[in-house]
Amino acid sequence: MTTKIGRRQMLLAMAGAMGTTALGSALSRATEREGSTADKDRKLLFILCATGGASIVDSFLPVTRTEVDDDALADTLNVYDDAKIITPTGSNIRCPGYVEPVGLLGNLYELGYGLDPFLAKHHRWMTVLTQECTSVNHNVGQYRSVTGAGINRGRTLMEAMALRHGEDLIIPNCNMANDGYIQPGIDASLPAFAQAEIIASPLGFAAAMDGVKGVLGAPDRALVERARGVREELDDASMFGKTFAGSPRRQRFLGNRREVQPRLEAAKMMDRLTLLPAELLDPKYGVMSSPLLPTLASKFSNLLVDPWESQAALSVLLAYYGLSCVSTIGLRQEPTFGNEKLITTPIAFDFSHNDHRMAQYLMWGHVLKAVDALVDLLQQLDYLGDPALGKMWDRSLIYVATDFGRDKTRPAKAESWGTGHSLNNGTLIVSPLLKGNRVFGGIEPTTCETYGFDGSTGDSTPGLNCSEGHIYSAIAQALDIEFPERIDMSALLA
């Protein structure tokens with residue numbers, strides 16, 4: 001990206017940057033936000049989708065050879081040499097240290113960010129939960145990871161979050177992920193404002209904020225508004241408008257155009273959300289970079305080339321400027337190039353089919369690099385830029401969602417091997433709203449299979465399994481989301 005970008009080129013290249021499924025109803029219900037009580041109590045949710053099976057055994061619940069206590073058995077399990085496991089000072093959680101670059105990925109990829117520096121820096125806010133999934137199908141597993149397998153009337157976590165904390169926000173539920181993570185819930189009673197707004201391109205999203213700004217030779221805004229008014233009269237007077245006057249789809253479309261567009265333009269968010277630097281913006285279009293771009297770029301150094309980082313950067317802006325309360329970002333299936341080498345695999349964590357240990361180490365590092373940046377930014381920034389509302393971090397929860405686990409066995413003594421999908425796994429949550437520096441549940445060394453815990457007491461119990469519904473309930477309870485079927489997970493609350 002070396003040439004200046006005009007508004008037309010941005011719009012064409014980033015077509016689909018912003019849908020319009022939920023905006024109309026959201027804004028028709030919106031209120032003046034300044035000084036509202038909701039701002040003081042609102043929570044923020046960031047869902048990072050680790051597509052392809054992020055294995056907890058290869059991150060924050062590893063097993064060592066000596067724990068197996070049987071060398072022959074250890075040779076056939078996904079275990080680590082004791083010397084490769086790191087437990088930072090003050091941490092009750094451990095992880096594998098540097099993984100030697102062997103196998104298919106050794107010379108092609110940058111190993112990048114490691115698990116152990118993340119654990120050393122953030123262990124006090126890390127909560128590891130063991131989990132037994134209910135599907136090893138990618139789309140189904142992804143969907144159930146954000147619906148709790150339907151525990152809350154089929155609502156996704158994002159929908160439940162928007163319903164609880166986002167009624168007075170413009171686009172409370174923003175989703176930049178893909179596949180099963182963007183599927184809507186099945187609760188037909190869900191208000192339209194809580195439905196997800198799909199963002200296909202975070203770099204082009206700002207261009208959707210205004211229909212006039214950045215257009216060369218555009219008429220005066222007042223004249224544009226007059227033309228829009230005539231269009232509305234003609235639409236209602238047309239034969240089509242009269243025939244389908246009561247159509248819900250037409251009403252939603254008109255609601256978007258008549259309510260959403262004016263409110264978005266009045267909010268003047270184009271400059272605030274522009275993630276492109278000044279050198280890539282042609283001054284004649286009158287569009288400027290976000291005031292927060294230098295701060296974001298200091299943490300997301302690859303945001304112009306890595307969709308994962310640009311999604312995370314936009315999620316900060318959406319929350320900081322009070323547009324949303326939940327953002328979902330997701331790894332892409334295609335690989336991403338860094339300076340000289342690849343920084344992600346072709347199919348994210350699912351490259352474990354070809355080279356399990358290296359794929360897990362590489363992709364966990366990529367995920368945690370974004371989590372590290374998010375935590376730093378949320379700890380640095382005041383919510384809505386208002387010191388009286390405290391730091392964004394104080395009200396935030398970061399959920400690393402994944403579709404399933406990976407097999408726990410390997411060919412005898414293999415250093416490079418492939419794994420299939422497994423129902424057995426665990427989950428990472430990073431937040432000041434939960435008891436940090438804790439592992440809830442346990443692992444059986446002779447099988448590397450995790451087992452569950454009692455959400456009301458926190459006691460780990462071999463033979464007990466925690467499902468997607470337990471994870472959903474824990475997150476919901478931390479975020480003040482109530483529903484009749486919610487499982488008591490009070491032992492996890494900070």
Side-chain angles (χ1 to χ4, degrees), residues 1-2 5 9-19 47-55 58 101 103-113 136-143 145-146 174-183 196 198-205 275-276 280 300-315 327-371 373 400-404 406 418-421:
M1 300 181 71
T2 58
I5 296 175
Q9 286 76 15
M10 181 191 297
L11 286 169
L12 290 174
M14 311 300 182
M18 178 181 176
I47 299 179
L48 278 66
C49 304
T51 301
S55 168
D58 292 278
L104 294 173
L105 304 185
N107 297 317
L108 298 175
Y109 292 83
E110 297 177 11
L111 291 182
Y113 195 85
V136 292
N137 175 277
H138 282 287
N139 282 332
V140 175
Q142 292 162 9
Y143 186 62
S145 74
V146 293
C174 293
N175 197 318
M176 295 170 267
N178 47 33
D179 297 333
Y181 297 118
I182 64 171
Q183 293 181 32
I198 306 301
I199 300 174
S201 172
L203 292 179
F205 180 71
L275 289 172
L276 298 174
L280 294 180
F300 298 113
S301 58
N302 292 318
L303 71 84
L304 290 181
V305 296
D306 185 354
W308 178 250
E309 291 197 7
S310 59
Q311 290 175 50
L314 182 60
S315 73
S327 287
T328 307
I329 75 174
L331 294 169
R332 295 293 188 250
Q333 294 290 318
E334 65 273 12
T336 301
F337 282 89
N339 293 326
E340 296 180 358
K341 296 184 177 182
L342 290 165
I343 57 177
T344 68
T345 67
I347 48 177
F349 280 92
D350 209 36
F351 203 77
S352 297
H353 282 301
N354 302 80
D355 193 346
H356 175 85
R357 183 156 289 179
M358 281 302 299
Q360 289 289 323
Y361 184 80
L362 176 72
M363 294 309 304
W364 266 112
H366 195 65
V367 168
L368 296 176
K369 181 174 182 287
V371 178
V400 180
T402 193
D403 17 21
F404 39 66
R406 309 294 306 193
T419 57
H421 303 174

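Residue numbers start at 1 and run along the sequence shown.
- Side chains of His356 and Asp58: a donor-acceptor N/O pair is present below 3.5 angstrom, by distance only.
- Between Ala313 and Leu275, the shortest heavy-atom contact is CB-CD2, 4.2 Å.
- Using a 4.5 Å heavy-atom cutoff, the side chains of Asn302 and Trp308 are not in contact.
- Residues Ile199 and Gln311 form no side-chain contact, since every pair of their non-hydrogen atoms from C-beta on lies 4.5 Å or further apart.
- Inter-residue side-chain proximity for Met363 and Thr344 is flagged as met; some heavy-atom pair is nearer than 4.5 Å.
- When atom types are taken as modelled, the side chain of Asn178 and the backbone of Gly330 share no donor-acceptor pair closer than 3.5 angstrom.
- The backbone N or O of Phe349 sits nowhere less than 3.5 Å from a side-chain atom of Trp364 that would complete a donor-acceptor pair.
- Taking every heavy atom of both residues into account, Thr419 and Arg406 meet most closely at O-NH2, 2.7 Å.
- Between Gln142 and Gly180 the shortest heavy-atom distance is OE1-N, 2.9 Å.
- Remark: side-chain polar atoms of Gln360 are paired, donor with acceptor, to backbone N or O of Ser55 under 3.5 angstrom.
- Under the 4.5 Å side-chain criterion, counting only non-hydrogen atoms from C-beta, Ser145 is in contact with Tyr181.
- Counting only N and O atoms by type, the side chains of His421 and Asp350 include a donor and acceptor under 3.5 Å apart.
- With a 4.5 Å cut-off on side-chain heavy atoms, His366 and Tyr113 do not count as touching.
- Here the straight-line distance linking atom CG of Leu203 with atom CG of Leu303 works out to 7.0 Å at 0.5 Å rounding.
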Run the side chain to side chain contact (heavy atoms under 4.5 Å, CB included) test on Thr345 and Asp355 for me, step by step, so that the C-alpha distance in whole Å, both residues' side-chain angles and the decisive distance to 0.1 Å come before the verdict. CA-CA 10 Å; Thr345 67; Asp355 193 346; over 6 Å; no
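- Counting heavy atoms from C-beta on, the side chains of Leu331 and Val367 come closer than 4.5 Å.
- Looking at every heavy atom in both residues, Gly420 comes nearest to His353 through CA-CE1, 4.0 Å.
- In this structure, OG1 on Thr402 lies 11.5 Å from CG on Leu48, to the nearest 0.5 angstrom.
- Side-chain contact check for His138 versus Phe404: some heavy-atom pair is nearer than 4.5 Å.
- When all heavy atoms of Arg332 and Ala348 are compared, the pair lying nearest together is O-CB, 4.1 Å.
- One distance of note links OG of Ser315 with CD1 of Ile47; it measures 11.5 Å at 0.5 Å rounding.
- The distance from atom CG of Asn137 to atom CG of Asp403, rounded to the nearest 0.5 Å, is 9.0 Å.
- From Leu342, atom CG reaches atom CD of Glu334 across 11.5 Å, with rounding to the nearest 0.5 Å.
- Summarising the geometry, atom CD1 belonging to Ile182 is positioned 9.5 Å from atom CG belonging to Asn139; distances are rounded to the nearest 0.5 Å.
- Using a 4.5 Å heavy-atom threshold, the side chains of Leu362 and Ile343 count as separate.
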